[in-house]
Amino acid sequence: MESYLSIGEVAKIRNIDVQSLRYYEKLGILIPAYVNPETGYRYYSLEQVMILDTIILCVDLGIPLKRLKEYVNKSGQLEFEKLLNDGKRLAKEKIAKINSNIDSIDRTLRHINAQKAFQGRVGYYTRYIFERFIITIDCKERPDAKAYEKNLSNLFEIAKKNNLHASFPHGIISAYKNGEYQYSKMFIETASGSSAQIQSLPAGNYICFQEPREAHSNPTEIFPQKLFTKQEVNVIVSSMSPNTYKYDEVVMELQMCA
């Protein structure tokens, strides 16, 4: 038995627990090379340590262990190159997702930092807002809190299904013509891209006014002169992103191009 390692020795060498080795045996991906018929003790060959390393690699890469059998050929040999190529692909996908999450975090942080100087403003003020990229769905002009959160969840789901990188800033765009309400769309911001679903809100100076989310004021009351003197105009009601967040103290910023 000198050429074999006991289950305890294998576990110690690779710093895993014995139960994990028993689980791998149960899955049929690491069968002991020898089982003592009298004691039931399990032993592994030295080459099986490399197979264990491969299993650990699969765990790290997120390859389901139940799929490991797909990499064992008819002669019982592990197709190591195929496994590594698939592992490399999965690793790249994970890196892309992590980078996407970092990008979304950075865009939300930029949104927070851009608004710091304007939080708590009373009355009208003007500020420059950079170009924003958004995706939208139809909604009511002033949805209640439940409908708003449902729409927000739907937008994030649409972004996920279409591999669009959404971030926290969100709100409602309402269109007016000669002072008459036309329609509303709820939006979330995304990274720029070539998708037909992505729209652009132009950069420029915006006349702004803040109010609590629960107020739901009619934009024609906030911007009466502007809405009634222009042929077509959009009013954007966007969430302010504070340093700290409390659900029942959300402040919305009404924005209209100056």
Side-chain angles (χ1 to χ4, degrees), residues 103-137 139-149 151-153 155-156 165-192 198-258:
D103 180 64
S104 293
I105 291 170
D106 283 342
R107 280 185 280 113
T108 301
L109 285 172
R110 286 196 296 270
H111 182 74
I112 291 173
N113 290 328
Q115 294 184 127
K116 281 183 177 179
F118 302 97
Q119 288 175 2
R121 287 288 185 95
V122 177
Y124 298 93
Y125 56 94
T126 301
R127 73 182 181 103
Y128 182 84
I129 301 178
F130 291 96
E131 183 180 20
R132 290 167 285 181
F133 298 94
I134 61 171
I135 58 173
T136 66
I137 56 173
C139 73
K140 293 182 179 179
E141 183 181 11
R142 293 187 290 278
D144 59 35
K146 194 172 183 179
Y148 190 95
E149 293 302 325
N151 286 338
L152 189 59
S153 295
L155 281 166
F156 275 109
H165 309 311
S167 53
F168 178 78
H170 53 82
I172 295 174
I173 304 171
S174 295
Y176 292 82
K177 186 174 182 179
N178 294 325
E180 295 292 328
Y181 170 75
Q182 303 296 306
Y183 60 86
S184 294
K185 291 183 177 292
M186 189 164 168
F187 71 88
I188 53 172
E189 292 190 26
T190 69
S192 60
I198 296 178
Q199 303 171 43
S200 172
L201 295 177
N205 288 314
Y206 284 77
I207 301 171
C208 301
F209 185 90
Q210 293 181 34
E211 66 176 17
R213 178 173 54 187
E214 292 75 17
H216 284 306
S217 295
N218 189 324
T220 58
E221 297 172 357
I222 303 295
F223 305 112
Q225 294 180 341
K226 289 287 184 180
L227 289 183
F228 282 93
T229 57
K230 288 191 174 183
Q231 286 293 315
E232 294 182 2
V233 65
N234 289 330
V235 175
I236 301 166
V237 183
S238 180
S239 58
M240 298 288 285
S241 298
N243 296 328
T244 58
Y245 179 81
K246 190 174 181 181
Y247 184 81
D248 58 357
E249 294 181 1
V250 173
V251 173
M252 307 299 285
E253 183 181 59
L254 286 80
Q255 308 162 351
M256 189 171 64
C257 229

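Positions are given from 1, in the same order as the sequence printed here.
- Every residue two or more places apart in sequence or in another chain that forms a side chain to side chain contact (heavy atoms under 4.5 Å, CB included) with N234 is listed here: I173, A175.
- Taking all atoms of both residues into account, the shortest heavy-atom contact from Y148 to P143 is CD1-CG, 4.1 Å.
- To the nearest 0.5 Å, atoms CD1 (I135) and CD1 (I198) are separated by 7.5 Å.
- Closest approach of S184 and E141 over heavy atoms only: OG-CA, 3.2 Å.
- Rounding to the nearest 0.5 Å gives a distance of 9.5 Å between CD1 of I137 and NZ of K185.
- By the side-chain hydrogen bond (donor to acceptor under 3.5 Å, both in side chains) test, Q182 is found to be paired with no residue, residues two or more places apart in sequence or in another chain being considered.
- For the side-chain hydrogen bond (donor to acceptor under 3.5 Å, both in side chains) test, residues two or more places apart in sequence or in another chain that qualify with T136 are Q199.
- Summarising the local packing, CD of E131 is surrounded by more than 12 heavy atoms from other residues, nucleotides or ligands at distances under 6.0 Å.
- In this structure, D144 has no side-chain hydrogen bond (donor to acceptor under 3.5 Å, both in side chains) partners at least two apart in sequence or on a different chain.
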Worked verdict on D103 versus R107 for salt bridge (charged side-chain N to carboxylate O under 4.0 Å, His left out): CA-CA 6 Å; D103 180 64; R107 280 185 280 113; 3.0 Å; yes
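- The two atoms that bring F156 and S167 nearest to each other are CZ-O, 3.8 Å, heavy atoms only.
- A side-chain contact (heavy atoms from CB on, under 4.5 Å) with C139 is found for exactly one of L155, N151, L152, namely N151.
- Taking each heavy atom of Y206 and L201 in turn, the nearest pair found is OH-C, 4.4 Å.
- In Y124, the OH atom is crowded: over 12 heavy atoms of neighbouring residues, nucleotides or ligands sit closer than 6.0 Å.
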Check step by step if side-chain contact (heavy atoms from CB on, under 4.5 Å) holds for I172 and M186. CA-CA 4 Å; I172 295 174; M186 189 164 168; 4.3 Å; yes
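- Under the side-chain hydrogen bond (donor to acceptor under 3.5 Å, both in side chains) criterion, S217 pairs with E211, sequence neighbours left out.
- Counting all heavy atoms, side chain and backbone alike, P169 lies closest to T108 at CD-OG1, 3.9 Å.
- Partners of R127 under the side chain to side chain contact (heavy atoms under 4.5 Å, CB included) rule, at least two apart in sequence or in another chain, are Q115, F118, Y125, I129, C208, E253, Q255.
- Distance CZ/R132 to CZ/F187: 6.0 Å, rounded to 0.5 Å.
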